[in-house]
Amino acid sequence: MPRQELFFEQQAGDRRIEVLKSYDQGYASEAFKSMDEAALQRLWDTLKPGEIYDPAGLPKLNAPGDVSGEAEAFLWDELLEQAREDGSLLSFFIVNETTGKHSESLYVSPDWPSAEAFAKERLSVA
């Protein structure tokens with residue numbers, strides 16, 4: 001099993017939020033695919049592609065009619081690029097939420113601060 005490290009864990013009632021650092025690209029991909037539109041937008045804002053590339057050439061995230069998923073594919077590629085620690089080593093911070101016996105991955109980021117902020121925000125949501 002790929003290495004994982006618990007970076008944050010907090011319980012609120014029957015909900016538990018955790019942030020794991022993982023080097024498993026497959027696990028990160030599963031988390032990415034489960035992200036909702038708000039989480040994808042948060043990741044877009046975190047990665048700041050408009051500061052790296054010409055904004056005019058960037059796909060529009062959550063644009064009506066983007067059935068090809070061009071923006072999400074671009075976002076995944078940018079996540080991989082920014083998750084690079086050294087050479088081919090990639091690391092991801094994955095936010096998981098467990099309620100009762102149900103667990104799901106909600107967010108993945110290449111950096112700890114944005115994952116922690118997302119996790120804490122989830123805890124404040126009733």
Side-chain angles (χ1 to χ4, degrees):
M1 178 171 188
R3 271 188 339 211
Q4 295 183 107
E5 183 179 347
L6 184 64
F7 264 61
F8 175 86
E9 181 178 39
Q10 195 164 346
Q11 186 97 18
D14 70 337
R15 288 178 36 199
R16 181 173 55 91
I17 299 283
E18 65 181 11
V19 178
L20 296 176
K21 182 176 184 179
S22 177
Y23 297 92
D24 183 348
Q25 185 174 334
Y27 181 33
S29 176
E30 288 177 27
F32 181 82
K33 290 174 186 170
S34 70
M35 289 170 62
D36 64 17
E37 286 185 11
L40 289 168
Q41 184 63 56
R42 179 99 172 235
L43 179 60
W44 185 279
D45 295 342
T46 296
L47 298 179
K48 300 179 175 142
E51 294 178 11
I52 301 169
Y53 309 102
D54 178 8
L58 292 175
K60 303 291 183 235
L61 189 62
N62 301 323
D66 181 17
V67 294
S68 67
E70 178 186 2
E72 286 185 27
F74 170 83
L75 188 59
W76 172 250
D77 289 342
E78 189 58 27
L79 172 63
L80 292 177
E81 185 61 34
Q82 292 191 32
R84 190 167 312 283
E85 279 192 9
D86 183 36
S88 63
L89 181 65
L90 303 175
S91 66
F92 307 93
F93 292 89
I94 300 170
V95 178
N96 295 312
E97 180 176 315
T98 303
T99 305
K101 294 183 179 185
H102 176 73
S103 181
E104 64 182 319
S105 298
L106 303 174
Y107 184 76
V108 59
S109 175
D111 69 76
W112 157 243
S114 70
E116 178 187 33
F118 186 91
K120 288 183 176 180
E121 185 177 293
R122 288 292 299 182
L123 283 167
S124 69
V125 174

For S34 and S105, run side chain to side chain donor-acceptor pair (under 3.5 Å): C-alpha distance rounded to whole Å, both residues' side-chain angles, the deciding distance at 0.1 Å, then the answer.
-> CA-CA 7 Å; S34 70; S105 298; 5.2 Å; no
How many angstroms lie between [atom1] in [X] and [atom2] in [Y], if you round to the nearest 0.5 Å?
X	Y	atom1	atom2	value
R16	L123	CZ	CG	11.5 Å
Q4	D24	CD	CG	7.0 Å
S91	Q25	OG	CD	11.5 Å
Q82	L43	CD	CG	8.5 Å
I52	L47	CD1	CG	7.5 Å

Ion pair present between [X] and [Y], side-chain N to carboxylate O less than 4.0 angstrom?
X	Y	value
K48	E78	no
R122	E97	yes
K60	E70	no

Any side-chain heavy atom of [X] sitting closer than 4.5 Å to one from [Y]?
X	Y	value
F92	L80	yes
R15	T98	no
P49	D77	no
L20	N96	yes
L40	L61	yes
L75	W44	yes
F8	K120	yes
V95	E18	no

Take M35 and L106 through the test side-chain contact (heavy atoms from CB on, under 4.5 Å) and record every step on the way to the result.
-> CA-CA 5 Å; M35 289 170 62; L106 303 174; over 6 Å; no
Which heavy-atom pair separates [X] from [Y] by the least distance, and what is that distance?
X	Y	result
Y27	S22	CD2-OG, 3.7 Å
F32	E72	CZ-O, 3.5 Å
P110	L79	CD-CD1, 3.3 Å

Should Y23 and E85 be marked as a side-chain contact (heavy atoms from CB on, under 4.5 Å) after you check the CA-CA gap, both sets of side-chain angles, and the distance that decides it?
-> CA-CA 10 Å; Y23 297 92; E85 279 192 9; 3.9 Å; yes
Under 6.0 Å from the CG atom of D14, do we count more than 12 heavy atoms belonging to anything else shown?
-> yes
Side-chain donor/acceptor of Q11 to backbone N/O of G13, under 3.5 Å =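 Such a contact is found between Q11 side chain and G13 backbone.
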Step by step, would you call R42 with S114 a side-chain contact (heavy atoms from CB on, under 4.5 Å)?
-> CA-CA 9 Å; R42 179 99 172 235; S114 70; 5.9 Å; no
Which pairs with one or both residues in residues 100-123 pass ring pair (Phe, Tyr, Trp, His ring centres under 6.0 Å), sequence neighbours excluded?
->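 Every pair satisfying ring pair (Phe, Tyr, Trp, His ring centres under 6.0 Å) with a residue in residues 100-123: F7-W112, Y107-F118.
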When you check the side-chain N and O atoms of E37 and Q41, is any donor under 3.5 Å from an acceptor?
-> no
